[in-house]
Amino acid sequence: MPSFTPTRRTLLKTGTAAAAFATIGPAFLRQAAAQDADLAPYKSAQIDWQQVSGEIITVAVIPASYFENLITLAPQFKALTGIDVRFEKIPPAQIRQKSVIDLTSKTGTYATHAADPMYYALYAANKWVEPLDTYLNDKSLTDQAWFKLDDIIPAWRSANGIDGKLYGMPYDGEVTIQVYRKDLYDAKGLKPADTLEAYMTNAAALNTPNDRVWGAALRGVAGAGQNMYIYPSIFREFGGDWMKGGKLTVNGPEAEAALAWYIDIMKRYAPTAAANWNWPDIADAFSQGTVASYIDAHSSASVINNPEKSKVIGNVAYARWPKGPSGKRTTSIWNWGFPINSALPEKKRKATWLFIQWAASAETQARTAHRFAGPTKRSGVNRTSVWKDPDYIKLMNGFGENFVEATMGALQEDTDVDWRPRVPQWPAIGDTMATAIQSALSGQATIKAALDDAQRRIEPMMRG
C-alpha cells in the first residue's frame, strides 16, 4: 500500500478546513440545538411531521397582524415538516370572492384560506372543502392528546361546523363587547349598560355634540360584514328568529323593533358620519375622545390603546352586550378558520392539515400572541388554556378594565350559533339585508318598507 506524504498545499487546505470547523462548527451546533429546542414542543406529538416533506402549498390570508405573526413563524414550520408554505395576502372583501372562484373551478390554487364562518354552509353543500373529522381521527396525522381539540373555543368550532361536522379550524376570532370611557361614565355616575334600554339612556346622558363628544356609535356602512355584523345581535335580542316556521324571515314585529332601536341610537346619539363608518372609523373616533361608547369586536381594543395615536389610554373599560327585551345577550361568533380544499391531491391535503394543526396548536397560538417577539400581540387566540395563562391575561388586561372578563363572559355565555342565518345563500342574503338597513337609516325607506322589500328579494334566493 503506497505511503501518503502530505504536501505543503495539502497541509494548508486541511489546516484551513480545520480552522474553519473550529470557528463554524460550534456556532452551527448551537444553531441546531436552538432549532431543536424551538421544535421540541411540536416533536412531542406522536406523529411524523416529515411524512410529506417537499410539498408546497399556498395559503391565502388577509393582511392583518394576527396573520403577519404567523407568517413570521413559518420558517419553524418548514424546519419541522419540510413543507414549503407560500402566503398570499388578500383584503377581506376580495378573499371571499377569490376563494369561492378557486373552489368552484377546482383549480386548487389555495390549499387553505382564511375563511368566513358564514361561508361553510355554502362550502359544505357543494363539497368544496373536506370535513376535518377524517384528519382529526387519523392517528398518523393527529395526536389528539397533544392537539386537544376540546381546548379550542367551543363557540368558534360550532360556527365552523355544519350538521355536527367541523369544516374549518379556528385560528383567530372575536366577540362583540361594549367599550366605554370610564372617566366620562364616572363623572356622570353611570354604570355600563345591562340592557339595550339602559345603553340608550347612557348615550343620551353623555351626548354633548357642542363639546364634540357623542354618546355612542355602531357600524353604519352597508355590508354583510359591516352593519349586518351588528344588526343580527340586536335582532336576536329582540326575540327575532331567522328561520321562523322553517322559512327564512327577515321582516315582522321583532325585526322592526330591532331596526328601530338601531336607527334611534344612530340618529340621536352618534356622529352623522357614523352612517358610513366601519369598525376602524369607530375605534379611531373613540381613541380621539369624540365617542363615549361603542359596541364592536373586542379586537378593536388594540387600536384604541395604540400609544402613538390614542388619547384615552387609561380611561377605557369593557362590558358584555346589553340584554335585549328577550332577556338575552347575543354576541357575534366570528373567527377566521382554515378549511382544506377538496380539489387538492392527497399529499397536499395531508400537508395542508399539518399546517392547520401547527397553526391552531396551543404552542403556535402562544408564540403568535403574548410570546411573540414583535410589537403586535394577538387578542383573538383560539385556545381556552391560553386565555387562562397568567402572562396572556396580564397582557390583555393592559387594554383596560374588565377586558378579559367581558371577552370570556361573551365567549362562554353570550354566543348564539344562529345569530345570523347559516344557509348557503348567505352572501346574497347578507348584502340584501345590509342594503335594507342602510336605506332605513338614511331615510330612503321606512323601517317596515325596507324590511318587507328585503323579504321579497330574499324569498326567490331560498327557492333557487
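For His113, the side-chain hydrogen bond (donor to acceptor under 3.5 Å, both in side chains) test picks out Tyr123, with sequence neighbours left out. In this structure Asn137 satisfies the side-chain hydrogen bond (donor to acceptor under 3.5 Å, both in side chains) test together with Gln144, sequence neighbours excluded. Taking Trp334 as the reference, Trp336 meet the ring pair (Phe, Tyr, Trp, His ring centres under 6.0 Å) condition, with sequence neighbours excluded. Considering only residues two or more places apart in sequence or on other chains, Lys347 meets the side-chain hydrogen bond (donor to acceptor under 3.5 Å, both in side chains) condition with none of them. Taking the side chain to side chain contact (heavy atoms under 4.5 Å, CB included) definition, one finds that Asn402 meets it with Glu405, Ala406, sequence neighbours left out. In this structure, the side chain to side chain contact (heavy atoms under 4.5 Å, CB included) partners of Gln50, at least two apart in sequence or on a different chain, are Asp48, Ser53. Judged as a ring pair (Phe, Tyr, Trp, His ring centres under 6.0 Å), and not counting sequence neighbours, Phe372 has no contacts. With sequence neighbours excluded, the residues forming a ring pair (Phe, Tyr, Trp, His ring centres under 6.0 Å) with Tyr392 are His370, Trp387, listed by chain and number. Looking at residues two or more places apart in sequence or on another chain, you find a side-chain hydrogen bond (donor to acceptor under 3.5 Å, both in side chains) between Asn160 and Asn335.
The environment of Lys328 atom NZ is dense: over 12 non-hydrogen atoms of other residues, nucleotides or ligands sit within 6.0 angstrom.
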Worksheet entry | Derivation and outcome, side chain to side chain contact (heavy atoms under 4.5 Å, CB included), residues Val179 and Asp296 | CA-CA 8 Å; Val179 186; Asp296 214 294; over 6 Å; no
Item to complete: Start with the C-alpha gap between Lys394 and Asp391, add the side-chain angles, then the distance that decides, and say whether salt bridge (charged side-chain N to carboxylate O under 4.0 Å, His left out) holds.
Response: CA-CA 5 Å; Lys394 182 179 178 181; Asp391 290 335; over 6 Å; no
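Of the N and O atoms on the side chains of Thr435 and Thr432, not one donor lies less than 3.5 Å from an acceptor on the other residue.
A cation-pi arrangement is not found for Arg422 relative to Tyr120, the charged atom failing to lie both closer than 6.0 Å to the ring centre and inside a 45° cone about the ring normal.
Contact detail for Ala360 and Met169: the closest heavy-atom pair is CB-CG, 3.6 Å.
Asp389 places no side-chain N or O within 3.5 Å of a backbone atom of Ser385 that could act as its donor or acceptor partner.
Residue pairs meeting the salt bridge (Lys or Arg N to Asp or Glu O under 4.0 Å) criterion with at least one member in residues 126-144, sequence neighbours excluded: Glu130-Arg349. Screening residues 164-178 for salt bridge (Lys or Arg N to Asp or Glu O under 4.0 Å) gives Asp172-Arg378 as the qualifying pairs, with residues at least two apart or on separate chains. For residues 156-182, the ring-ring contact (aromatic ring centres under 6.0 Å, His included) pairs, not counting sequence neighbours, are Phe67-Tyr171, Tyr171-Phe338, Tyr180-Tyr185.
For the pair Ile458 and Met462, the minimum side-chain heavy-atom distance is below 4.5 Å.
A perpendicular orientation is assigned to the rings of Tyr229 and Trp419, their planes being inclined by more than 60° (bins at 30° and 60°). The aromatic rings of Tyr231 and Tyr262 sit perpendicular to each other, their planes meeting at more than 60°, with 30° as the lower class boundary.
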